[in-house]
Amino acid sequence: MEDERTFSDICGGRLALQRRYYSPFCREFCLNCPRLSLRSLTAVTCTVWLAAYGLFTLWENSMILSAAISITLLGLLGYLHFVKIDQETLLIIDSLGIQMTSSYASGKESTTFIEMGKVKDVVINEAIYMQKVIYYLCILLKDPVEPHMISQVVPVFQVSTEHFPFSNEILYFSAYLLPLKFSRNVNIYCQSIGRYLTTNFSYFKSSPLR
Amino acid sequence: MGLVSRGAAAAGLGAASAVVRPGPPDAVPNPVPSPPPGGAARGSSRVPGMVLKAFFPTCCASADSGLLVGRWVPEQSSAVVLAVVHFPFIPIQVKELLAQVQQASRVGMAVLGTWCHRQQEPEESLGHFLEGLGTIFSHEPWLQLCRERGSKFWSCKAIHRQVSAAPDVPSEDQVMLIFYDQRKVLLSQLHPPTVVSDHQDGDTMASTGGLAVVFDTVARSEVLFCSDQYDEGPVRLSHWQSEGVEASVLVELAKRASGPVCLLLACLLSLISAASGCRLWKLWPLPFIRSKLSTCEQLRHRLDHLTLVFSTQKAQSPAQLMRKANMLVSVLLDVALGLMLLSWLHSSNRIGQLADALVPVADHVAEELQHLLQWLMGAPAGLKMNRALDQVLGRFFLYHIHLWISYIHLMSPFIERILWHVGLSACLGLTVALSILSDIIALLTFHIYCFYVYGARLYCLKIYGLSSLWRLFRGKKWNVLRQRVDSCSYNLDQLFIGTLLFTILVFLLPTTALYYLVFTLLRLLVVTVQGLIHLLVDLVNTLPLYSLGLRLCRPYRLAAGVKFRVLEHEVGRPLRLLMQINPLPYSRVVHTYRLPSCGCHPKHSWGSLCRKLFFGELIYPWRQGGDKQD
């Protein structure tokens, strides 16, 4: 079963969220990030080449032009391969773990799998971005040496956290993850936010947020 | 077909928890399958609420029907299938084999269930036969995996018999199939390595992460993979070796030959280290020279590496094995690069050209220094120096340069011979050649080092004098006992002389400071060049090339974790996942398997370096461990 919704992120780009339901204990959420815009690419390339041409007229050395071309090419390849994330996927498998995949524009995929045994809790964290407060979901990992300490806080969507749109989607995720045995901290958050949302958004009324 | 109905029944059980309500699409169904009515089973047969995970090797997916053999991990409710036992078999022999394997590998083996591959056989008779097997090999829960003809979807069931509420009706459980590549999981190592603790009765307890247990189980069960379905033994097994036993003639020959070769080389190396450790080398000034030359340090380092590589002891752990392999590859690369350098040097008389160029270069450097000193003795950068001090210092340094030039000219006939013999040492490795180059640079710029030391000492004395006289000027003094500044009343003549000396030192400060600055900059330049060479040597010494090559060619050997892919899914069928190995990123490979370096790194921070420069303290960038220098 698939489902798709579109949102707009904080910077104005379009985000598409797809939800796939494979089985009662396996779900996948795909977030498609905004693509590389032709406008910004053209702007950057023109700036670099104009600057290089300016230097060329100053110094009459053709190496500057070839250097500018190779810098642009290498920079673009590096950006596509290391920076530009195309799609992020979250796969949740009951009693096995949570897998987060980021696929870059050049085709590279980097996957992280967190076993259920290492997850201490799932919380909603707040961040202040310019003038607003945005909420994002993160996973707290147990410290291997001290079982009561937290060793790492892993945001669920790496790049898109700063673009993450609405708190209802977070609650959707958290409400799904909740029954997978984490209920302490998210309970407190969700009860307060959930109460607010159940009074205002009708489709949350039917799902009990434990 | 009976199996389809069974599959539907299994889906029916799960369907109760997978209700998709019509209406609001965001309704969240309860994803956890409700536990069976019996509640928690007694003992540790499974954890209630956890889905049963069956790890199935991909090589057995096309095997004939038979019994599933492997390990049951109750804490994670997962069954790791290691092999399939084919018909015909005698149950007693199967149990004996499993007991043998359990004793040899200390992993709890059991018959987990049945495997049915319905490509050729008629359907019904086998079904009943397989159900009967459940009573011979009792295992809780009993897995039944079945693959149908013409369909890529499987059906799996896990039957629990001993549920207290309804003892006659076996209850079924949700099963999730996870395929894994047995050969890759067998050969890979997880990073960071998790230690699975041993229990008293020989079975290993899975106290740490779940997937490490799977890796550990497969790795320890190598004994099980020795016999095959094509062997003549009593039990016919199917596992990853059924696709063809892997071996390489070269690897086997190398393994056989490595024993005597290691022994021979170990004896040779012990002779060399005994010779280098003998008493003759402890006569002064040899230890002093040895501590100064980086070549000796590098040679000793390489000797240590070779001793470790060719030691006759087997490696205790995979990390030690990787370290040995990395050292061997590093030494081989070093020697190869050194031989290339050697061939380049000795071709077309490069040594002669170098030797011819060396003396003029040294002359040129000395001339430039003389010009610099003449400039300092005049009015450098428009500053007005104290004439007398300027002349004294300038003449002193000029005389030194003159001495140095004479020594170089004295040595010039022998330089080519010396260089030729030193160039031969490149066959010991590129790192040795680079260390020799660094030492030659240090020797050739010895006069700059001397000037730096003179300038720094003078400046240091001046600064100390100034600070102490400044305190006197203000009426204070340094209390050595209490390590602080205290007020003190001086006599008039003390104050008078102190103030006079203070003014003299203050007015002589610019001259000394300028000389100090110039020579410190020169010294830092030489130190930078030497530092770059040492950095290169360090890179060749510590880069784990074998691990990087392994990561490039066999990425599954170095695993950072696993990743899952959901295979084609049909509603009502059990979920099928493919578990693949997530290889370690290159940066972590380098970080984990770096070889230990020489240890001659500058240990100052930038702040302490600036402080030392300001106060005129001498800087020793490569203090060898434990040395005391003046």
Side-chain angles (χ1 to χ4, degrees), chain A residues 1-5 17 19-28 89 91-101 108-119 141-142 144-145 147 168-169 171-181 194 197 201-210, chain B residues 11 13-21 23-34 47 49-53 75-78 174 176 178 192 194-195 206-213 560-577 579-583 585:
Chain A
M1 178 176 101
E2 281 207 26
D3 196 1
E4 178 155 348
R5 290 175 60 176
L17 178 75
R19 296 185 288 236
R20 279 190 215 118
Y21 167 81
Y22 289 117
S23 111
F25 29 83
C26 179
R27 285 210 187 186
E28 195 174 36
T89 314
L91 178 70
I92 307 173
I93 309 169
D94 185 16
S95 77
L96 202 58
I98 304 173
Q99 172 168 293
M100 299 179 289
T101 313
K108 171 173 108 157
E109 280 194 10
S110 92
T111 319
T112 324
F113 179 74
I114 303 174
E115 292 180 47
M116 272 312 180
K118 290 208 180 94
V119 181
L141 298 184
K142 281 187 196 156
V145 177
N168 1 351
E169 268 320 304
L171 284 166
Y172 180 80
F173 291 139
S174 57
Y176 178 71
L177 283 170
L178 270 181
L180 304 178
K181 294 181 197 68
L197 282 171
F201 296 92
S202 55
Y203 51 79
F204 269 93
K205 278 201 175 114
S206 45
S207 62
L209 301 172
R210 280 195 270 125
Chain B
L13 255 186
S17 55
V19 162
V20 177
R21 273 170 253 160
D26 300 342
V28 180
N30 184 4
V32 175
S34 46
V47 176
M50 257 193 166
V51 182
L52 199 144
K53 301 177 277 274
E75 293 88 8
Q76 281 130 35
S77 192
S78 56
Q174 295 276 0
M176 192 158 63
I178 303 176
T194 49
V195 178
S207 55
T208 52
L211 291 162
V213 174
V562 293
K563 53 188 178 193
F564 289 92
R565 193 156 66 90
V566 182
L567 297 175
E568 253 190 70
H569 180 67
E570 212 180 54
V571 176
R573 296 292 197 167
L575 184 66
R576 298 181 308 147
L577 298 169
M579 181 171 93
Q580 291 166 313
I581 294 187
N582 203 10

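Everything quoted here is computed from the prediction, not taken from an experiment. Per chain, numbering begins at 1; letters A, B, ... match sequence-line order. These values consider heavy atoms only, across backbone and side chains, with no hydrogens, waters or symmetry-generated copies.
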Could you grab the distance from atom [atom1] of [X] to atom [atom2] of [Y], nearest 0.5 Å is fine?
{"X": "B:Ile178", "Y": "A:Ile93", "atom1": "CD1", "atom2": "CD1", "value": "7.0 Å"}
{"X": "A:Ser23", "Y": "B:His569", "atom1": "OG", "atom2": "NE2", "value": "5.5 Å"}
{"X": "B:Leu577", "Y": "A:Cys26", "atom1": "CG", "atom2": "SG", "value": "6.0 Å"}
{"X": "A:Tyr22", "Y": "B:Glu570", "atom1": "OH", "atom2": "CD", "value": "14.5 Å"}

Run the side chain to side chain contact (heavy atoms under 4.5 Å, CB included) test against A:Gln99 and tell me which residues pass, sequence neighbours left out. A:Leu91, A:Thr101, A:Thr111, A:Phe113, B:Lys563, B:Phe564

Shortest non-hydrogen separation from B:Met176 to A:Leu96 and the atoms involved: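 Smallest heavy-atom distance, with atoms named: CE-CD2, 4.4 Å.
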
Non-hydrogen atoms of chain A under 4.5 Å away: do they reach the side chain of B:Val566, the backbone, both or neither?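 For B:Val566, the side chain is the part near chain A, not the backbone.
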
Could you list the residues that satisfy salt bridge (charged side-chain N to carboxylate O under 4.0 Å, His left out) with A:Glu109, not counting sequence neighbours?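 None.
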
